[in-house]
Amino acid sequence: MYKLERDFYDRDARLVGEELLGKLLVRKYDDVLIKSRITETEAYIAEIDKASHGYGGKVTPRTKIMFGPPGFTYVYFIYGMYYCLNFVTEGEGICSAVLIRSVEPVINIDAMCMNRYNKALDCLTKSQLKNLSNGPGKLCNALKITKEENGIDLTGDEIYLEDDGFRNFAVEKTKRINIDYAEEAKDFLWRYLLRN
DNA sequence: CCCATGATGCCCT
DNA sequence: GGGCATCATGGGT
């Protein structure tokens with residue numbers, strides 16, 4: 001079991017996105033510790049990707065974190081209601097990131113249930129359990145991640161990743177979803193899913 | 001299971 | 001003012 005350091009993130013977002021599968025996402029706040037396993041990601045690389053918020057070198061207050069050094073969070077607000085968690089990849093000046101689309105609970109599922117439904121695990125319906133953290137907005141709710149967590153250093157102790165040696169799975173690569181506006185980029189196979 | 005729809009507010013032009 | 005890297009819900013199969 002070891003923590004991923006900055007060099008892990010300082011690579012092509014597609015490679016990082018694929019290698020994030022199976023890693024443990026650790027979240028600490030107050031006296032709470034939650035660990036979950038990453039099961040779905042998507043890569044975004046502004047230079048060649050019309051789906052990226054930074055496409056065309058568009059530096060704004062929102063996107064500037066993605067132009068900075070690797071190994072920081074990029075959390076954005078979407079559809080007036082939800083947050084999405086990304087990890088910034090590659091060196092300073094290169095706008096790229098990986099969106100975390102789905103995680104599964106590993107440690108402290110109770111805290112995740114309370115954060116998301118304000119209900120204990122044994123009070124959840126089957127549907128609520130299935131939908132606990134299987135979407136980018138859902139997992140931010142379950143892990144208590146909001147715009148307050150934008151720009152966090154992943155080598156710190158609030159949000160970081162661990163490799164626990166979990167390797168027994170196959171990787172599926174598909175088109176990314178909900179980016180129909182992105183023309184040719186919508187067909188890039190930059191969505192990575194853990195199978196098994 | 002699937003699909004259609006409405007919610008809701010920030011960001012950027 | 002338009003658009004959006006989503007989700008919960010409700011109804012049909």
A.B. asks: Does C/dT6 have OP1 or OP2 under 4.0 Å away from a side-chain N or O of A/Arg101?
C.D. replies: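 Checking C/dT6 against A/Arg101, a side-chain N or O does come within under 4.0 Å of OP1 or OP2.
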A.B. asks: OG1/A/Thr73 to CG/A/Asp153 distance, rounded to the nearest 0.5 angstrom?
C.D. replies: 9.0 Å
A.B. asks: When the distance from CG of A/Leu85 to P of C/dC7 is rounded to whole Å, what number comes out?
C.D. replies: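 The distance from CG of A/Leu85 to P of C/dC7 comes to 13 Å, rounded to the nearest Å.
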A.B. asks: Distance alone, cut at 3.5 Å: any donor-acceptor contact between the side chains of A/Asn115 and A/Tyr29?
C.D. replies: yes
A.B. asks: Which distance, rounded to the nearest 0.5 Å, do you find between the CG of A/Asp12 and the OG of A/Ser96?
C.D. replies: 7.5 Å
A.B. asks: Give a yes-or-no answer on whether the side chains of A/Asp49 and A/Tyr44 include a donor-acceptor pair shorter than 3.5 Å.
C.D. replies: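 Result is no, nothing qualifies.
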A.B. asks: Ring centres under 6.0 Å, that's the criterion: do A/Tyr74 and A/Tyr76 meet it?
C.D. replies: yes
A.B. asks: Between the protein and nucleotides 10-13 of chain B, which nitrogen or oxygen pairs come in under 3.5 angstrom?
C.D. replies:
from   : atom 1 : to      : atom 2 : distance (Å)
B/dC12 : OP1    : A/Thr60 : OG1    : 2.2

A.B. asks: Over all strands shown, is A/Ile179 touching base, sugar-phosphate only, or nothing at heavy-atom distances under 4.0 angstrom?
C.D. replies: sugar-phosphate
A.B. asks: Starting at OH of A/Tyr79 and ending at C1' of C/dC4, how long is that distance when rounded to a whole Å?
C.D. replies: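 Atom-to-atom, A/Tyr79 to C/dC4, this comes out as 5 Å.
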A.B. asks: Nearest-Å distance, OH (A/Tyr74) to C1' (C/dA5)?
C.D. replies: 9 Å
A.B. asks: Closest heavy-atom contact between A/Phe8 and A/Leu20?
C.D. replies: CE2-CD2, 3.6 Å
A.B. asks: Counting the atoms with a prime plus P, OP1 and OP2 as sugar-phosphate, which does A/Arg176 contact under 4.0 Å by heavy atoms, base, sugar-phosphate, or nothing?
C.D. replies: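 Counting heavy atoms under 4.0 Å across all strands, no contact is made by A/Arg176.
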A.B. asks: Walk along nucleotides 8-13 of chain C from 5' to 3' and tag each nucleotide B, S or - by protein heavy-atom contact under 4.0 Å, base first, then sugar-phosphate.
C.D. replies: S-----
A.B. asks: Counting the atoms with a prime plus P, OP1 and OP2 as sugar-phosphate, which does A/Lys130 contact under 4.0 Å by heavy atoms, base, sugar-phosphate, or nothing?
C.D. replies: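 Sugar-phosphate only.
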A.B. asks: Side chains of A/Asn108 and A/Lys35 only: does a donor on one sit below 3.5 Å from an acceptor on the other?
C.D. replies: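 Their side chains do not contain a donor-acceptor pair, so the 3.5 Å distance test is not met.
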A.B. asks: Side-chain N or O of A/Asn178 versus OP1/OP2 of C/dA5: is the shortest distance under 4.0 Å?
C.D. replies: no
A.B. asks: My validator wants the stems of DNA chain C: runs of 3 or more consecutive Watson-Crick or G-U pairs, both distances under 3.5 Å, written as range with range.
C.D. replies: B:1-7 with C:6-12, B:9-12 with C:1-4
A.B. asks: Does the aromatic ring of A/Tyr181 sit over the six-membered base ring of C/dG3, closer than 5.5 Å centre to centre and tilted less than 30°?
C.D. replies: no
A.B. asks: Surrounding CD of A/Glu47 (heavy atoms of other residues, nucleotides or ligands, distance under 6.0 Å), is the total greater than 12?
C.D. replies: no
A.B. asks: Should the heavy atoms of other residues, nucleotides or ligands under 6.0 Å from CG of A/Asn168 be counted, would the total exceed 12?
C.D. replies: no
A.B. asks: I'd like to know whether CD of A/Glu104 has more than 12 heavy-atom contacts from other residues, nucleotides or ligands below 6.0 angstrom.
C.D. replies: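 No.
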A.B. asks: With a 6.0 Å cut-off (strictly less than), is the heavy-atom count around CD of A/Glu172, excluding the residue itself, greater than 12?
C.D. replies: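 Yes, because the 6.0 Å sphere around CD of A/Glu172 holds more than 12 heavy atoms from other groups.
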